[in-house]
There are 2 protein chains.
Amino acid sequence: MVAASDDDSPDDGHTRSDKGSQPNVSTGMLSAVMEDYIKTIYAIESDSDGRVSTSALADHLEVTAPTVSSMLKKLEERGLVDREEYKGVTLTEEGELVALEIIRHHRLLEAFLTEQLDYDWADIHDEADRLEHHVSEELTDRIAEALGNPPVDPHGDPIPDADLSFPKESETIRLADADEGGRVTVRRIRHQGDAELRYLADAGVRPEVELTVVDVAPFGMVTVETPAGEQSLPEEIAQLIEVAPAAAADGVEV
Amino acid sequence: MVAASDDDSPDDGHTRSDKGSQPNVSTGMLSAVMEDYIKTIYAIESDSDGRVSTSALADHLEVTAPTVSSMLKKLEERGLVDREEYKGVTLTEEGELVALEIIRHHRLLEAFLTEQLDYDWADIHDEADRLEHHVSEELTDRIAEALGNPPVDPHGDPIPDADLSFPKESETIRLADADEGGRVTVRRIRHQGDAELRYLADAGVRPEVELTVVDVAPFGMVTVETPAGEQSLPEEIAQLIEVAPAAAADGVEV
DNA sequence: ACCCTCAATTAGCCTTGTCTAATTCTCAAT
DNA sequence: ATTGAGAATTAGACAAGGCTAATTGAGGGT
Ligand SMILES: [Mn+2]
Ligand SMILES: [Mn+2]
Ligand SMILES: [Mn+2]
Ligand SMILES: [Mn+2]
């Protein structure tokens, strides 16, 4: 029997804009699953171009093509994607707003976990990926406030503001394209999961760190000098790292 | 097109002990819905006695009796409840551990929202009620640590520790049973939702506050002197408030 | 123009959690 | 001992998300 209290009124069936808080953007009440589709469409759309294919989504979401196919029809009905049979989808204006909102949740959660709860930089993606669908706008905004409305998350990914527009991003190049001998600051680590992040965390490469580009070998292997020592990074990893020229002493423009 | 990154691997189907973190208590992987059933069974069990009926659960969870009936069979198969046909259920040892874990999540989240994110005391239940099913043990423990392992949540409800045992509770009586003229400290506010809490928040009655019992009227109406002035509380509200004699100056035992 | 391959969609089935309608128990009151 | 009311369970459906197998469409190569 022990102690108790706190009762439940059933929740779930929840997610986008539910009862809690403000009359959110979007076609009220998307499931966590739909949100993941939208978020994934946005991600694929933004680093390939043109329409997003059924099979690309199936790969990213780890479901089968027929499953994607039927979900895309539902998303079309909801007005979140423009669909052209056999040709794939693109997000509508509204779909893009939903995506941005989820991304805002995700990145603020990541920032919060590292800054306030001492989480490891490489260990936050999964937690955020789950919670992003369950935090209210209210909570998201309070987190943003507690962190001072940061422009980027711990991986250097830009965080949309409350009105869902991105902060201006600084110019960067891929580490793989950096000049030998140059001194650069890591600005952002592109990533799909926690694997690449853990690799780089171990290598001592993370946003804000300054690197000296020691060598760029023929097949893209990049050797850098980190504060913790010299590291060689395979091309495919070096491609994920965005860097900018190291701040020349006192923030002088380049 | 804007900016982007952060991909998804499908999650969901998540909840209890999933992949993230430790091999949690319980029959791995309960849905949020099952967790709510377990939590509700625990709540009913602890302030009535004996078995929990199908209809009581249906009321609390706001679903129909047949729905409860079929869910109880599933929970029985999972070994979380002992079920006796037509007689209701009780939690098994294992079921109780699941309940305690959810309660720990819930109350730590409530404490965290008020203490670290400046949430209003009366406005946290719903947010916690949703998130409790989605925070990992890891996150829960970090929250507990950040708060210094508090023994109670903002409503005075005791928080199970990491090993799921309750801290010793202080002796209390219901405000409705307090002596006229006595000086008491509010220890705990029993509540089912946010409604009672908002009422009392407005009345200036919350844990830690000292009250003087001005008058206990025949039908249970209690009038108290709060730091903010005199308040009359209906019996049904006074029943929810647990108080202890106000600390006599320097923590002298009573 | 024709074909072949691969992507996409359709068809049909499954599980979870819910509902309504119908049926079956239980138990207290006669 | 009966019986009737109310509680619980069974039966049958449905929506959401998934899956496999079968079918259809799109396009490049010849
Ligand atoms: Mn996600
Ligand atoms: Mn990130
Ligand atoms: Mn809940
Ligand atoms: Mn509480």
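Below, read A as the first sequence line, B as the second, and so on, with proteins coming before strands; counting in each chain starts at 1.
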> Is any side-chain nitrogen or oxygen of B:R83 closer than 4.0 Å to OP1 or OP2 of D:dT9?
Replying inline: yes
> What integer distance in Å separates B:L72:CG from D:dA8:P?
Replying inline: 10 Å
> From the list C:dA8, D:dG17, D:dA8, which nucleotide is the closest neighbour of the side chain of B:T54?
Replying inline: D:dA8
> Side-chain donor-acceptor pair under 3.5 Å between B:E110 and B:H106, yes or no?
Replying inline: yes
> Quick one: A:D59 CG to C:dA7 P, roughly how many Å, whole number?
Replying inline: 10 Å
> Only one of B:K39, B:H134, B:E137, B:E35 forms a side-chain hydrogen bond (donor to acceptor under 3.5 Å, both in side chains) with B:H105, so which one is it?
Replying inline: B:E137
> What's the verdict on salt bridge (charged side-chain N to carboxylate O under 4.0 Å, His left out) for A:E169 and A:R188, showing C-alpha distance, side-chain angles and the deciding distance?
Replying inline: CA-CA 11 Å; A:E169 291 180 59; A:R188 182 175 183 183; 3.2 Å; yes
> What is the ring orientation for B:F112 with A:F112, classed by angle as parallel under 30°, tilted 30 to 60°, or perpendicular over 60°?
Replying inline: perpendicular
> Rounding to a whole Å, what distance do you find between A:L61:CG and D:dG18:P?
Replying inline: 8 Å
> Picking from D:dA16, C:dA8, C:dT16, which would you name as closest to the side chain of B:K74?
Replying inline: C:dT16
> Rounded to the Å, how far apart are A:E84 CD and D:dG27 P?
Replying inline: 10 Å
> Nearest-Å distance, CZ (B:R51) to P (D:dA8)?
Replying inline: 12 Å
> In whole angstrom, what separates A:L30's CG from D:dA16's C1'?
Replying inline: 13 Å
> What is the distance, rounded to the nearest whole Å, between atom CD of B:E35 and atom P of C:dG17?
Replying inline: 11 Å
> Within the structure, does a side-chain N or O atom of B:R78 lie under 4.0 Å from either OP1 or OP2 of C:dT16?
Replying inline: no
> How does each nucleotide of nucleotides 19-26 of chain C score, in 5' to 3' order, for protein heavy atoms under 4.0 Å: base (B), sugar-phosphate only (S), or none (-)?
Replying inline: BBB---S-
> Is there a side-chain contact between A:E96 and A:L100 (heavy atoms, below 4.5 Å)?
Replying inline: yes
>> Ignoring hydrogens, what is the shortest heavy-atom contact between B:L240 and B:R174? Give both atom names and the distance.
In response: CA-NH1, 4.3 Å
> Does a nitrogen or oxygen in the side chain of A:Y37 sit under 4.0 Å from OP1 or OP2 of D:dA16?
Replying inline: no
>> Just N and O in the side chain of B:K73: are any of them under 4.0 Å from OP1 or OP2 of D:dT9?
In response: no
> So which nucleotide from C:dA7, D:dA8, D:dG17 ends up closest to the side chain of A:S55?
Replying inline: C:dA7
>> Tell me the interatomic distance from A:L57, atom CG, to C:dT9, atom P, rounded to whole angstroms.
In response: 11 Å
> Once the angle between the rings of A:H125 and A:H191 is folded into 0 to 90°, is it parallel (under 30°), tilted (30 to 60°) or perpendicular (over 60°)?
Replying inline: perpendicular
